[in-house]
Amino acid sequence: MLSKIMKPGLTRRTFLQSSAAAAAAAASSLPRLAHAQNNVIRIGFLAPLTGAVAAWGKPGLDGCQIWAERVNAAGGIQLSDGAYQVEFVAYDNEYDPAKARTGATKLIREDGVSFIMMLGGDTWPGVQPVADRTGMLFSTLLPSDLSPDTTTLIAPAEVHPIYNVTAVEWLAENRPELKTAVMCAQDDALGLPSVATYLAAFEAAGIEMQDEPLLFDPATTDFAPVVTRLMSSNPDIVCLDTCYSDYVHPICEQLFQQGYEGQIISCTADFYDQIIAKTSKEFMEGFLFQFPDFDDPALNSDQVNFEDPNGFFAEFNKRYPGQWGAVSWEYASVMDLWKAAAEKAGSAEPDAVIAAMKEGGTGKHAFGDARWWGTELFGIDNALVGDWPVVAIENGKATIKEFRSIPAWYDKHGDLLVKHMKAYDQMWDQR
């Protein structure tokens, strides 16, 4: 984790400056590739496919393979000079910034990709100098990676962590008797901006934090002491922030074993059927999070821009049973936007695609029409922000309760989010 290898006092910005020379040297020989060759367009998939964060990489690659088969069977990607099949080239960065930099260089120089999708987070600082040097278009699932320093990084699918405000807002309106909360998170580039977001959301909702967020080392394996401390103040709400699934599962088991009966809220609940099996259906009833199963009838509404979500969900589960999670659809959703922009531009060139994608300042987000936004928080309008679903587990099944507007919340409470982001050094000019 970058937060564990950086020296005290070394910010992401100074880390990038110190590593830029090495990355630039590696990237200086890269041709400006893009990259429709032999009637095939290659897309880079640079994410953790093994290790603790693999749940936010590997299911996304699996979803992309289904997406590619659908697109190729329908005639491929239509550019000005003809139709092209699409092929994904994956590189496992193991959630390590140095390996991510090596992967980005390989994908561009050796594989000739036209676009690279990433999870982001701790791996982005390793890649940013390569992006700056080559002009390659990258996407991240973490808008907290965005800054005006890199204009070719976009966040067109997931707007982590700011969508987390929608579930807190819904909870405050539907469970007004819940007045107090505690929170834990791993101390890294995924956990910290999410902590700031939840703090802002709880403050806006009038929910009292009973203690400072409990930040644990990402190497933690024994969560019994963590849960004991969380439960010590008898909170109404336990918030699991954006904990990895490898943390959410044992924390929930400990909450169950230690007799917690209150509300749990989390960014994700990947493989929640496994949590239910280790606890109980009753214990997980009402568990609130942000990522739906795509067989949910609410996704068949006219506002949703993901093609045949129910069919996609069925095919994914047929091929990869038990592996559906938060990112299974997200990278495919990014590809929907990329394909539409490339076809609009008639080109797979990164600069042409991003110009077409952002034309008019709006875009077709998976959950509805959205706008390119972010200058106030990220220093650049490269995040596609609109509605996001609030999801609860009911009778053992994820159920969309409502779609809520992120911009509407920000218009009312944006000052709180900025305040807490600054307190955790998570604004773009602090990282």
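Residues: numbered from 1 along the sequence shown. Just so it is clear, the model here is predicted, and its values are computed rather than measured. Every heavy atom of this structure was used, including side-chain atoms; hydrogens, water molecules and symmetry mates were not.
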*asked:* Between Arg70 and Glu315 (salt bridge meaning N to carboxylate O under 4.0 Å), is one present in this structure?
replied: no
*Does Thr150 use its side chain to pair, donor to acceptor, with the backbone of Thr152 at less than 3.5 Å?*
no
_Please determine whether side chain to side chain contact (heavy atoms under 4.5 Å, CB included) holds for the pair Asn164 and Ser194, giving the CA-CA distance in whole Å, both sets of side-chain angles, and the decisive distance to 0.1 Å._
CA-CA 8 Å; Asn164 287 326; Ser194 188; 3.2 Å; yes
*Quick one: are Ile251 and Cys184 in side-chain contact, heavy atoms under 4.5 Å?*
yes
*Give a yes or no on this: more than 12 heavy atoms of other residues, nucleotides or ligands lie within 6.0 Å of atom NZ of Lys397.*
yes
*What distance separates Ile354 CD1 from Phe115 CZ, expressed to the nearest 0.5 Å?*
9.0 Å
*Indicate the ring-plane relationship of His160 and Tyr163, choosing parallel, tilted or perpendicular according to the 30° and 60° boundaries.*
perpendicular
*asked:* Is any side-chain heavy atom of Trp388 closer than 4.5 Å to one of Ile162?
replied: no
*Quick one: closest heavy-atom pair of Asp293 and Ala398, and the distance?*
OD2-CB, 3.8 Å
*Test of ring centre spacing under 6.0 Å for Trp170 and Phe403*: no
_So for atom CD, which belongs to Gln303, do other residues, nucleotides or ligands contribute more than 12 heavy atoms lying within a distance under 6.0 Å?_
yes
*Straight-line distance of Glu282 CD to Asn395 CG, nearest 0.5 Å*: 9.0 Å
*Evaluation steps, side-chain hydrogen bond (donor to acceptor under 3.5 Å, both in side chains), between Thr228 and Gln258*: CA-CA 8 Å; Thr228 298; Gln258 296 188 34; 3.1 Å; yes
*is_close_aromatic(Phe88, Phe45), centroid dist under 6.0 Å*: no
*Could Glu343 and Lys339 be called an ion pair, given the rule that one side-chain N must be under 4.0 Å from one carboxylate O?*
yes
*Would you check if Trp338 and Val86 make a side-chain contact, meaning some heavy-atom pair closer than 4.5 Å?*
no
*Check: Asp241 side chain, Cys243 main-chain N or O, donor-acceptor pair, under 3.5 Å*: no
_Value rounded to 0.5 Å, distance of CG in Asp270 from CD in Gln323_ = 10.0 Å
*Taking atom OH of Tyr198 and atom CG of Leu240, what is their separation to the nearest 0.5 Å?*
8.0 Å
*Hey, is Glu203 close enough to Lys419 for a salt bridge, meaning N to O under 4.0 Å?*
yes
*Kindly determine whether Gln186 and Thr220 satisfy side-chain hydrogen bond (donor to acceptor under 3.5 Å, both in side chains), including the steps that lead there.*
CA-CA 9 Å; Gln186 73 277 357; Thr220 300; over 6 Å; no
*Say you draw a straight line from CZ of Arg109 to CG of Leu107; how long is it, rounded to the nearest 0.5 Å?*
11.5 Å
*Between Phe316 and Phe294, ring centroids under 6.0 Å*: no
*Please work out whether the ring planes of Tyr272 and Phe289 are parallel, tilted or perpendicular, with thresholds of 30° and 60°.*
tilted
*List the steps and the verdict of ring pair (Phe, Tyr, Trp, His ring centres under 6.0 Å) for Tyr95 and Trp56.*
CA-CA 10 Å; Tyr95 204 60; Trp56 293 341; 8.6 Å; no
*Could you point out which residue of Tyr320, Trp329, Phe306, Trp67 forms a ring-ring contact (aromatic ring centres under 6.0 Å, His included) with Phe312?*
Phe306
